Amino acid sequence: DEHTHIFKISLTGDWNGWNIEDRIRVEFYHLSNQRNDSASYTTGPGPDVIERVNQGVQYSQGANTLRVEKQLQDWWLVSAGCLLSVYDGTSSFNLSTLDASGAATGGPFWRTEGLTLHRESRIVSLGSLFLPLNGLSISASAQGEWTRENGFGNVNLDFGDPTVPGYAPVPGTESANQDRTVSSENLNLRFTRLPQTVLFAEARMQQESVGQSADQNTGGQSPYDFQQQTDAMNYLYDVRAGFTSSPWSWMEWGGHYRYRDSNTGYNQLVDTVPGYPAFITHRDITTDEIEGHLVLRPVYWLNARLTYQWFESDYSTTTEPVPFGISPGGTIQDGRTQGDSIGLNLTFTPGQRFYCSGSFTYGYSRTTTAGDQNSAVVPYGGNTYTLGASAGFAVSAKTRLSATYAFSEAGYGQNNNVGLPPGINFTHQDLLVGLTRQFSNRLSGAVRYGFSQYSQPSNGNVNNFTANGIFASINYKWP
C-alpha cells in the first residue's frame with residue numbers, strides 16, 4: 001500500500017534587471033508492505049522457516065529553491081541561488097520467524113517501535129561568467145552546503161524460540177547522527193580564437209567535513225552493542241585540460257588530460273569495537289587519465305566516432321598499529337589499477353524515415369595490491385566487450401517501428417585455486433522490439449517484445465536466466 005502526494009509552486013519575475021525564480025515543493029509519502037521470505041533445509045513438502053516482515057514508512061519533505069540572475073555588463077553575468085530542504089520521517093519494522101504451519105519457531109524476532117529521522121540541508125551558491133577578451137570566456141562558481149541528520153529509535157533484537165523456557169526479549173535503542181559541511185569551487189576557461197579549434201581548461205576543488213556518530217545499546221544483552229564517533233576531512237582536486245579541432249567539415253579530433261586527487265583524514269574519537277575500520281587514519285587516491293577522439297563524416301548519412309581512453313589510479317592508506325602482529329601500522333601503497341578502452345560508434349541516416357546505429361567497445365583493466373606476494377591474492381585483470389545496435393523506421397506519420405540489441409561479455413576469471421574465490425566470467429544480451437502508434441493528439445499506444453539472457457559460468461551457472469516479455473501501454477494526455 002503506497003501513497004504519494006506532491007504539491008508544487010513556482011514563481012518567476014523580473015525586477016530592476018534581475019531575473020528571480022522561486023520554487024517550492026512539498027511531498028507526503030506513506031508505504032505499508034508485508035513479505036514472506038521462506039527457506040528449506042530438508043526435502044519435506046513445505047518450507048522449514050518463514051521470516052515474515054512487516055514494514056511501514058511515512059515521511060514529509062519540503063524544499064524551497066531561490067535563484068537570481070542579472071547581466072551586469074555585456075561581458076559579465078552573475079547568478080546566485082539557495083536551497084532549504086527539511087525532511088521528517090518515521091519507519092517501523094517487524095520480523096517474525098515461523099514454521100510451515102505459521103507457529104513461532106527459533107530465529108530472529110526483531111521489532112522497532114518507530115525509527116525517526118530528521119534532516120535539514122542548506123545550500124548557497126554563487127556563479128559568474130566573464131568575457132574579458134574576444135574568444136576567451138571564464139566562468140567561476142562557489143557553493144557551500146550544510147546538512148544535519150538525526151536518527152533515533154527503540155528496537156527489540158530478540159533471538160531464539162519464544163515457545164522454549166528461558167526466552168527473553170532484548171530491548172534497546174539505536175541512534176545515528178551526522179553533520180556534513182561541503183564547500184566547492186569551480187573554474188572553467190574556453191579559448192576559441194585559434195582557427196577551427198577550441199582550447200579548454202577546468203579545475204574543481206572541494207573540501208568536505210563529516211562528523212558522524214552511531215550507537216546501539218541493549219544494556220549488554222546483545223553481543224552487537226557498539227558506540228562509534230568519527231570525524232573525517234576530505235580534500236578533492238580535479239583538473240582537466242584539452243582541445244577540440246575541426247580542420248575540415250568532415251573531420252573533428254581532440255583529447256584531454258585529467259588529474260584527480262582525493263585525500264581523506266580520519267579521527268576516530270570513540271570506537272568500542274577495535275580494529276577495522278577504526279585503525280585507518282588516512283587514505284589517498286590519485287588518478288591520471290588521457291582520452292582522445294576522432295569523428296569522421298565522409299558522407300552526409302554516415303557519422304563515425306572513434307574513442308580511446310587510458311587511466312591509472314593509485315591507492316595508499318595510513319593506519320595505526322594493530323596488536324598481535326596483525327599490522328605494524330604506517331603508510332602502505334594499497335594498490336594500483338590500470339586500464340584502457342577503445343570504442344567505435346557508427347550512425348547511419350540514409351533517409352528521413354529510417355536510421356540505425358551501432359557501437360563496439362573493448363576494455364582491459366588490471367588491479368594489483370600490496371598483498372600480491374601472498375599466493376591467496378593475485379592480480380585481478382580481464383577484458384570486457386560490449387556491442388550495441390538500434391534501428392528505427394517510420395512506417396507512416398503516426399506509426400513507428402524500433403529495435404535495440406545489446407551484448408556484453410566479461411572475462412575476469414582468475415586462475416587461482418588458493419585463498420580468494422575466482423573472478424567473474426559472464427555474457428549478457430538484451431533484445432527489445434516495439435511498435436508505436438499515435439491514434440490522436442492525445443492518445444497513443446505501444447506494444448513491445450523483450451528478450452534477455454544471462455550466463456555466468458564462473459560460479460557454476462547458478463545465476464543463469466532466460467526471460468521473455470510482452471509489454472503494452474496506452475498513454476492519454478489529459479487537457
Side-chain angles (χ1 to χ4, degrees), residues 59 61-67 79-89 115-128 139-153 174-188 202-217 226-240 258-287 313-322 329-334:
Y59 68 78
Q61 183 175 13
N64 183 25
T65 60
L66 175 65
R67 184 184 67 86
S79 63
C82 64
L83 165 68
L84 172 62
S85 176
V86 179
Y87 174 99
D88 279 295
L115 296 175
T116 62
L117 174 64
H118 177 78
R119 179 174 62 237
E120 292 186 20
S121 296
R122 294 176 175 86
I123 302 175
V124 179
S125 63
L126 178 65
S128 187
S139 63
S141 62
Q143 179 172 290
E145 175 184 348
W146 175 81
T147 300
R148 167 169 287 182
E149 290 186 4
N150 301 105
F152 180 82
E174 306 267 0
S175 69
N177 306 288
Q178 183 184 88
D179 283 317
R180 180 173 178 263
T181 302
V182 182
S183 58
S184 58
E185 304 82 28
N186 296 271
L187 178 65
N188 297 273
E202 303 169 352
R204 182 169 69 98
M205 296 181 293
Q206 179 177 287
Q207 306 81 41
E208 179 179 6
S209 174
V210 178
Q212 63 183 28
S213 63
D215 68 76
Q216 173 180 294
N217 185 7
F226 71 93
Q227 186 178 9
Q228 178 265 337
Q229 184 178 354
T230 303
D231 287 343
M233 186 69 192
N234 173 264
Y235 295 93
L236 173 67
Y237 307 94
D238 192 347
V239 295
R240 188 172 77 106
R258 182 183 181 186
Y259 174 78
R260 188 177 188 272
D261 183 12
S262 177
N263 193 307
T264 308
Y266 304 92
N267 184 12
Q268 310 290 348
L269 302 175
V270 178
D271 197 324
T272 58
V273 182
Y276 183 85
F279 72 104
I280 298 177
T281 60
H282 181 268
R283 191 182 188 195
D284 188 39
I285 304 174
T286 61
T287 300
S313 297
D314 290 303
Y315 311 87
S316 65
T317 300
T318 302
T319 66
E320 295 177 344
V322 180
T331 301
I332 184 174
Q333 299 300 318
D334 294 331

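Computed from heavy atoms alone, side chains included, the values below leave out hydrogens, waters and symmetry copies. All figures in this text were calculated on a predicted structure; none of them were measured in a lab.
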Legend entry - Partner residues of Gln207 under the side-chain hydrogen bond (donor to acceptor under 3.5 Å, both in side chains) criterion, sequence neighbours left out: Ser183, Glu185

Inset, instruction - Could you tell me whether Arg283 atom CZ has more than 12 heavy atoms of other residues or ligands within 6.0 Å of it? - result: no

Inset, instruction - Could you pull out the closest heavy-atom pair between Gln61 and Ser85, with the gap in Å? - result: NE2-OG, 3.8 Å

Legend entry - Closest contact, heavy atoms only, Gly211 versus Asp231: CA-OD1, 3.4 Å

Inset, instruction - Could you list the residues that satisfy side-chain contact (heavy atoms from CB on, under 4.5 Å) with Ala80, not counting sequence neighbours? - result: Val68, Leu126

Inset, instruction - Not counting sequence neighbours, which residues clear side-chain contact (heavy atoms from CB on, under 4.5 Å) with Asn234? List them please. - result: Glu208, Leu236, Ser262, Thr264

Inset, instruction - Calculate, to the nearest 0.5 Å, the distance between atoms CD and CD belonging to Gln229 and Gln268 respectively. - result: 10.5 Å

Legend entry - Heavy-atom closest contact (Leu83 atom, Ala63 atom, distance): CD1-CB, 4.2 Å

Inset, instruction - Find the distance between CG (Asn263) and OH (Tyr235) and round it off to the nearest 0.5 Å. - result: 9.0 Å

Inset, instruction - Using the test side-chain hydrogen bond (donor to acceptor under 3.5 Å, both in side chains), find all partners of Thr116 that sit at least two apart in sequence or belong to another chain. - result: none

Legend entry - Flag side-chain contact, heavy atom, 4.5 Å: Val86 against His118: yes

Inset, instruction - Kindly indicate whether the side chain of Arg122, heavy atoms from C-beta on, has any atom under 4.5 Å from the side chain of Cys82. - result: no

Legend entry - For Ser316, side-chain hydrogen bond (donor to acceptor under 3.5 Å, both in side chains) partners two or more places apart: none

Inset, instruction - Name all residues meeting the salt bridge (Lys or Arg N to Asp or Glu O under 4.0 Å) criterion together with Glu320; count only those two or more places apart in sequence or in a different chain, and write none if there are none. - result: none

Inset, instruction - List for me each residue that meets salt bridge (Lys or Arg N to Asp or Glu O under 4.0 Å) alongside Glu149, sequence neighbours excluded, and say none if there are none. - result: Arg119

Legend entry - Approximate separation, where rounding is to 0.5 Å, of Asn186 CG and Met205 CE: 8.5 Å

Legend entry - Results of ring-ring contact (aromatic ring centres under 6.0 Å, His included) for Tyr87 - residues two or more places apart only: Tyr59

Legend entry - Side-chain ion pair, Arg148 and Glu120, N-O less than 4.0 Å: no

Legend entry - Nearest heavy atoms of Asn177 and Gly151, plus distance in Å: OD1-N, 3.7 Å

Legend entry - Residues that Tyr266 engages under ring-ring contact (aromatic ring centres under 6.0 Å, His included), provided they are two or more places apart: none

Inset, instruction - Please name all residues satisfying salt bridge (Lys or Arg N to Asp or Glu O under 4.0 Å) with Arg258, sequence neighbours left out, ordered by chain then number. - result: Asp238

Inset, instruction - Ignoring hydrogens and angles, tell me if any N or O in the side chain of Ser209 forms a donor-acceptor pair with the backbone of Thr181 under 3.5 Å. - result: no

Legend entry - Heavy-atom closest pair, residues Asn188 and Glu202: OD1-CG, 3.1 Å

Inset, instruction - For residues Gln206 and Arg204, determine if any side-chain heavy atom of one lies less than 4.5 Å from a side-chain heavy atom of the other. - result: yes

Inset, instruction - Using only heavy-atom distances, determine whether the side chains of Thr230 and Gln228 contain a donor-acceptor pair under 3.5 Å. - result: yes

Legend entry - Heavy-atom check, side chain of Ile280 versus side chain of Thr317, under 4.5 Å: yes

Legend entry - Sequence-distant partners of Asp88, salt bridge (Lys or Arg N to Asp or Glu O under 4.0 Å), two or more places apart: none

Legend entry - Inter-residue atom distance Phe152.CZ - Leu117.CG, 0.5 Å rounding: 13.5 Å

Legend entry - By side-chain contact (heavy atoms from CB on, under 4.5 Å) - contacts of Thr286 (at least two apart): Tyr259, Asp261, Asp284, Asp314

Inset, instruction - Nearest 0.5 Å please: distance from the CG atom of Asp179 over to the CH2 atom of Trp146. - result: 6.5 Å

